[in-house]
Each structure stands twice: as C-alpha cells, then as structure tokens.
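Below is one structure, written out as structure tokens; comments come after it.
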Amino acid sequence: QVQLVESGGGLVQPGGSLRLSCAASGFTLDFYAIAWFRQAPGKEREGVSCFSSGSGGTTYYADSVKGRFTISRNYVKNTVYLQMNSLKPEDTAVYYCARAGTCSSYYLNRSRLYDFWGQGTQVTVSS
C-alpha cells in the first residue's frame, strides 16, 4: 500500500533552517517523481519543489524558494528531503509531499496531477 509520511516540521526563527523528510513506502522512487507543496491558512496550495524519477533526476523550484530550498533523494532509504534555509515568515505553512509520474514546472503548478499525498507537517517561521 502506497504511503507518504512527512516529518521534520517545527517552529524556527526567521533566517533559520529546517529539513523536511518524506518517507515513501509501497513503491520506489526510481519510477515516480515526488513534489513538495505547501498551504498557508486562507491560501491555495502552492507547489514548492519537485524531483523527477530516474537515475539522473531533474529538480524544479518555485521562484519564491529558489536559492533557499534544496530537494534531494536517498534511494536506499526511499526518502525525499527538502532542506529549507534562510526561512522567512511567509514560508509558514503546512508542507505536504505528493507522488506523480513526472516532475516539471507544469506539474508543480497542478496539484490535481498527484495521486498520493502525505498527511502534512507544520512549519512555522516566527520570532
């Protein structure tokens, strides 16, 4: 059974860092792309970053996080990470990971294309 489980959220001060994890089970990352989305209260869900399937792997980032966030994968652990640096109060949201067949800027802007989602982890950036 397919499952995605996020962890690593928490409260951090502006300028701080967090690393989120998305542990996948029931399938392997070799054949699927994983994306991170976030949703702040009263706002639509926003695509943050995605990592394509395959050995090479292509990454995409929303303009709002480029240069601050880094997505990576560990095939042995079947886990995807989101390293978040230089965090800002506007990064506060529930962060979700989700599975799709591919990763692109097109896919990152269309959450309906993802078939499985994790339960989310809260990230709060505040002093």
Side-chain angles (χ1 to χ4, degrees):
Q1 135 206 16
V2 173
Q3 272 195 313
L4 295 169
V5 179
E6 302 97 334
S7 61
L11 172 64
V12 64
Q13 292 187 341
S17 299
L18 281 175
R19 188 178 79 156
L20 305 183
S21 300
C22 172
S25 59
F27 70 100
T28 66
L29 297 179
D30 298 275
F31 305 112
Y32 290 93
I34 296 292
W36 285 97
F37 287 80
R38 66 186 181 186
Q39 189 164 21
K43 294 190 176 181
E44 291 188 357
R45 191 165 293 189
E46 172 192 20
V48 174
S49 180
C50 63
F51 204 129
S52 66
S53 60
S55 58
T58 304
T59 58
Y60 293 87
Y61 296 92
D63 288 342
S64 58
V65 306
K66 278 180 183 175
R68 300 188 298 123
F69 290 11
T70 303
I71 192 170
S72 62
R73 293 181 301 186
N74 183 315
Y75 284 106
V76 173
K77 295 184 177 181
N78 215 37
T79 298
V80 174
Y81 303 97
L82 186 69
Q83 178 67 41
M84 306 186 296
N85 298 329
S86 303
L87 283 162
K88 305 175 182 180
E90 51 264 43
D91 294 318
T92 295
V94 178
Y95 283 70
Y96 301 89
C97 60
R99 187 187 83 164
T102 189
C103 163
S104 66
S105 56
Y106 180 89
Y107 265 69
L108 198 56
N109 286 298
R110 289 161 179 83
S111 60
R112 69 182 187 277
L113 297 178
Y114 293 77
D115 58 356
F116 284 94
W117 292 77
Q119 82 289 349
T121 185
Q122 176 71 46
V123 172
T124 303
V125 185
S126 175
S127 55

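Here the structure is a predicted model, which means the values were calculated and not measured.
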Exam field: side chain N109 to backbone S105, donor-acceptor pair closer than 3.5 Å: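 Yes; judged by distance alone, with no hydrogens or angles, the pair exists.
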Check: T102 main-chain N/O paired with S52 side-chain donor or acceptor under 3.5 Å: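 Here the side-chain-to-backbone pair does not exist.
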Set of salt bridge (Lys or Arg N to Asp or Glu O under 4.0 Å) partners for K66, sequence neighbours left out: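 K66 satisfies salt bridge (Lys or Arg N to Asp or Glu O under 4.0 Å) with D63 only.
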All salt bridge (Lys or Arg N to Asp or Glu O under 4.0 Å) counterparts of R19, not counting sequence neighbours: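 Scan of R19 (salt bridge (Lys or Arg N to Asp or Glu O under 4.0 Å), adjacent residues dropped) gives none.
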Which pair of non-hydrogen atoms, one from [X] and one from [Y], has the smallest distance, and what is that distance?
| X | Y | answer |
| --- | --- | --- |
| V94 | G120 | CG1-CA, 3.9 Å |
| T79 | S21 | CG2-CB, 4.2 Å |
| T28 | N78 | CA-OD1, 3.6 Å |
| A62 | L108 | N-CD2, 4.1 Å |
| Q119 | L4 | OE1-O, 3.7 Å |
| L29 | R73 | O-NH1, 3.8 Å |

Note, V48 side chain near Y60 side chain (heavy atom, < 4.5 Å):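 No. Closest side-chain heavy atoms not under 4.5 Å.
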Non-hydrogen side-chain atoms of Y61 and T70 separated by less than 4.5 Å: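 Y61 reaches T70 side chain to side chain.
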Contacts of S127 that satisfy side-chain contact (heavy atoms from CB on, under 4.5 Å) - sequence neighbours left out: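 With neighbours one apart ignored, the set is P14.
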side-chain contact (heavy atoms from CB on, under 4.5 Å) partners of A40, counting only residues at least two apart: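 In terms of side-chain contact (heavy atoms from CB on, under 4.5 Å), with neighbours along the sequence ignored, A40 is linked to K43, A93.
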Side chain to side chain donor-acceptor pair (under 3.5 Å) contacts in which one or both residues fall within residues 81-91, not counting sequence neighbours: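 As it turns out, the side chain to side chain donor-acceptor pair (under 3.5 Å) pairs with a partner in residues 81-91, which skip direct neighbours, are S17-N85, R38-D91, R68-D91, Q83-N85.
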Inter- and intrachain pairs under salt bridge (Lys or Arg N to Asp or Glu O under 4.0 Å), touching residues 106-126, at least two apart: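 Passing the test, one end in residues 106-126: R99-D115.
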Of all pairs that satisfy ring-ring contact (aromatic ring centres under 6.0 Å, His included), the ones with a partner from residues 84-110, not counting sequence neighbours: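 Not a single pair qualifies under ring-ring contact (aromatic ring centres under 6.0 Å, His included).
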Residue pairs, two or more places apart or on separate chains, that pass ring-ring contact (aromatic ring centres under 6.0 Å, His included) and touch residues 30-53: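 Sorted result for residues 30-53: F27-Y32, F37-Y114, F37-W117.
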Stepwise side chain to side chain contact (heavy atoms under 4.5 Å, CB included) test for E44 and S111: CA-CA 10 Å; E44 291 188 357; S111 60; over 6 Å; no
Side chain to side chain contact (heavy atoms under 4.5 Å, CB included) evaluation trace for F116 with I34: CA-CA 10 Å; F116 284 94; I34 296 292; over 6 Å; no
Where at least one partner belongs to residues 60-127, residue pairs that pass disulfide (SG to SG under 2.5 Å), sequence neighbours excluded: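 Of all non-adjacent pairs touching residues 60-127, those that pass disulfide (SG to SG under 2.5 Å) are C22-C97, C50-C103.
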Atom pair CG (L82) and OG1 (T121), whose distance is rounded to the nearest 0.5 Å: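 Here the rounded value is 11.0 Å.
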Counterpart residues, side-chain hydrogen bond (donor to acceptor under 3.5 Å, both in side chains), relative to T58 (two or more places apart):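 Here no residue qualifies.
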Qualifying residues under side-chain hydrogen bond (donor to acceptor under 3.5 Å, both in side chains), relative to Q122, sequence neighbours excluded: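 Expected list: T124.
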Y75 reachable from V2 in the ILVMFWY side-chain graph, under 4.5 Å edges: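 As far as the 4.5 Å side-chain criterion goes, Y75 and V2 are connected within one cluster.
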